[in-house]
K.L.:
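Starting off with a structure, shown below.
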Amino acid sequence: NTCYSQIAVAHPLIEYEEVAGNDDVPKNIIVLLLDSLSRDSIGLYNSDLKKYTPNINRFFEKSLKYTNCFTQSEWTFPAIHSLFLSQYSIDHGLFDLKADFNIIPSDSNNTLAALVKILGYTTFAYSTVKILHPAFNSHIGFDRFFYDPFPQPIQTHREICFKAITQLLENSKGKNFMFLHFLDTH
């Protein structure tokens with residue numbers, strides 16, 4: 001499987017001073033998580049499917065692609081927290097729903113969202129996964145965090161895209177960091 005990111009990637013070794021006030025930093029950082037989507041399901045990599053995925057093909061053609069990525073866990077919950085915390089699941093301890101969710105303090109500045117917020121980004125997340133919920137401290141660092149644990153099956157991607165576009169329009173003069181989790185492919 002391949003991991004994709006449209007605009008930028010946070011790196012733990014980049015110092016705040018290197019990007020603060022730098023006009024070269026991207027205005028919008030959008031992280032799309034297409035849950036359980038494999039590389040061979042996209043027409044860009046599978047010519048037999050080109051006609052079925054024209055929009056996503058165009059999107060990925062213009063995207064920065066990472067072709068040597070590995071998930072930190074075999075299921076979504078610990079893997080997403082590894083992304084948010086920049087830690088292996090063995091280090092953050094969020095393996096299952098019986099974990100101690102207070103290991104992510106509510107005032108933490110060590111989440112991906114909190115770090116980009118320090119750089120002046122408005123942070124936004126939308127997910128339709130029951131496990132990305134404020135009860136599990138998944139919202140830490142986000143200015144706006146939307147979750148819908150019981151979405152209508154056919155509406156999830158439309159709802160996520162609508163909320164993302166609305167956020168971009170509302171903050172069109174500012175910088176935006178978005179985490180958009182699409183479960184439709186699961």
Side-chain angles (χ1 to χ4, degrees), residues 1-35 59 62-73 75-95 99-129 131-147 160-161 163-183:
N1 291 350
T2 302
C3 301
Y4 299 96
S5 177
Q6 170 61 17
I7 302 197
V9 172
H11 193 285
L13 300 178
I14 297 175
E15 295 294 325
Y16 170 76
E17 291 77 20
E18 292 180 46
V19 292
N22 183 346
D23 292 334
D24 293 333
V25 297
K27 179 178 179 186
N28 296 310
I29 300 171
I30 303 172
V31 176
L32 300 176
L33 177 60
L34 307 172
D35 207 307
F59 178 81
K62 297 176 183 177
S63 298
L64 183 57
K65 294 176 262 315
Y66 299 89
T67 58
N68 194 23
C69 297
F70 302 93
T71 184
Q72 295 304 313
S73 182
W75 75 291
T76 303
F77 180 72
I80 288 180
H81 283 87
S82 289
L83 174 68
F84 285 177
L85 297 169
S86 190
Q87 295 179 353
Y88 293 112
S89 55
I90 192 74
D91 294 326
H92 63 60
L94 297 172
F95 297 111
D100 177 10
F101 302 104
N102 293 319
I103 66 166
I104 311 170
S106 60
D107 62 348
S108 177
N109 286 327
N110 293 326
T111 66
L112 177 57
L115 292 171
V116 294
K117 189 190 298 192
I118 291 170
L119 298 174
Y121 286 85
T122 298
T123 56
F124 173 91
Y126 191 95
S127 178
T128 57
V129 180
I131 56 173
L132 282 181
H133 188 285
F136 304 130
N137 283 346
S138 303
H139 68 295
I140 303 297
F142 288 101
D143 295 312
R144 299 176 80 186
F145 185 86
F146 296 94
Y147 62 97
I160 292 171
C161 290
K163 288 205 182 277
I165 291 167
T166 300
Q167 173 65 28
L168 288 170
L169 292 172
E170 287 176 2
N171 192 33
S172 62
K173 296 190 189 299
K175 296 188 297 186
N176 297 284
F177 170 79
M178 296 186 162
F179 175 78
L180 307 174
H181 186 184
F182 295 87
L183 192 63

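The shown structure was predicted, so the numbers you read here are calculated from the model rather than taken from an experiment.
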K.L.:
Is the cationic atom of K163 (NZ for Lys, CZ for Arg) positioned less than 6.0 Å from the six-membered ring centroid of Y126 and within 45 degrees of its normal?
P.N.:
no

K.L.:
I'd like to know whether T111 forms a side-chain contact (heavy atoms from CB on, under 4.5 Å) with L85, so could you lay out the CA-CA distance, the side-chain angles of the two residues, the decisive distance to 0.1 Å, and finally the verdict.
P.N.:
CA-CA 5 Å; T111 66; L85 297 169; 3.9 Å; yes

K.L.:
Over 60° means perpendicular and under 30° means parallel, so classify the ring planes of F84 and H81, tilted if in between.
P.N.:
perpendicular

K.L.:
Would you compute the distance between atom NE2 of H139 and atom OG1 of T123 and round it to the nearest 0.5 angstrom?
P.N.:
11.0 Å

K.L.:
I need the minimum non-hydrogen distance between Y88 and S82, along with the two atoms involved.
P.N.:
C-OG, 3.8 Å

K.L.:
Can you measure from NZ (K175) to OG1 (T122) and round to the nearest 0.5 angstrom?
P.N.:
9.5 Å

K.L.:
Roughly how far apart are N176 CG and I30 CD1, rounded to 0.5 Å?
P.N.:
8.0 Å

K.L.:
I140 and A113: which non-hydrogen atoms are nearest, and at how many Å?
P.N.:
O-CB, 4.2 Å

K.L.:
Would you sort out whether F177 and L119 count as a side-chain contact (heavy atoms from CB on, under 4.5 Å), showing the intermediate values?
P.N.:
CA-CA 10 Å; F177 170 79; L119 298 174; over 6 Å; no

K.L.:
Check whether any side-chain heavy atom of L112 sits under 4.5 Å from a side-chain heavy atom of F179, and report yes or no.
P.N.:
no

K.L.:
Check whether S127 reaches the backbone of H181 with its side chain - one donor and one acceptor, N or O, closer than 3.5 Å.
P.N.:
no

K.L.:
I want to check something: taking the side chain as every heavy atom from C-beta on, are F124 and L168 in contact at a cut-off of under 4.5 Å?
P.N.:
no

K.L.:
Nearest 0.5 Å, what's the CD-OG distance between Q167 and S172?
P.N.:
10.5 Å

K.L.:
Rounded to the nearest 0.5 Å, what separation is found between the CZ atom of F182 and the CG atom of L32?
P.N.:
5.5 Å

K.L.:
Only counting residues at least two apart or in another chain, list the ones meeting side-chain hydrogen bond (donor to acceptor under 3.5 Å, both in side chains) with K117.
P.N.:
D143

K.L.:
What residues form a side-chain hydrogen bond (donor to acceptor under 3.5 Å, both in side chains) with E170, not counting sequence neighbours?
P.N.:
R144

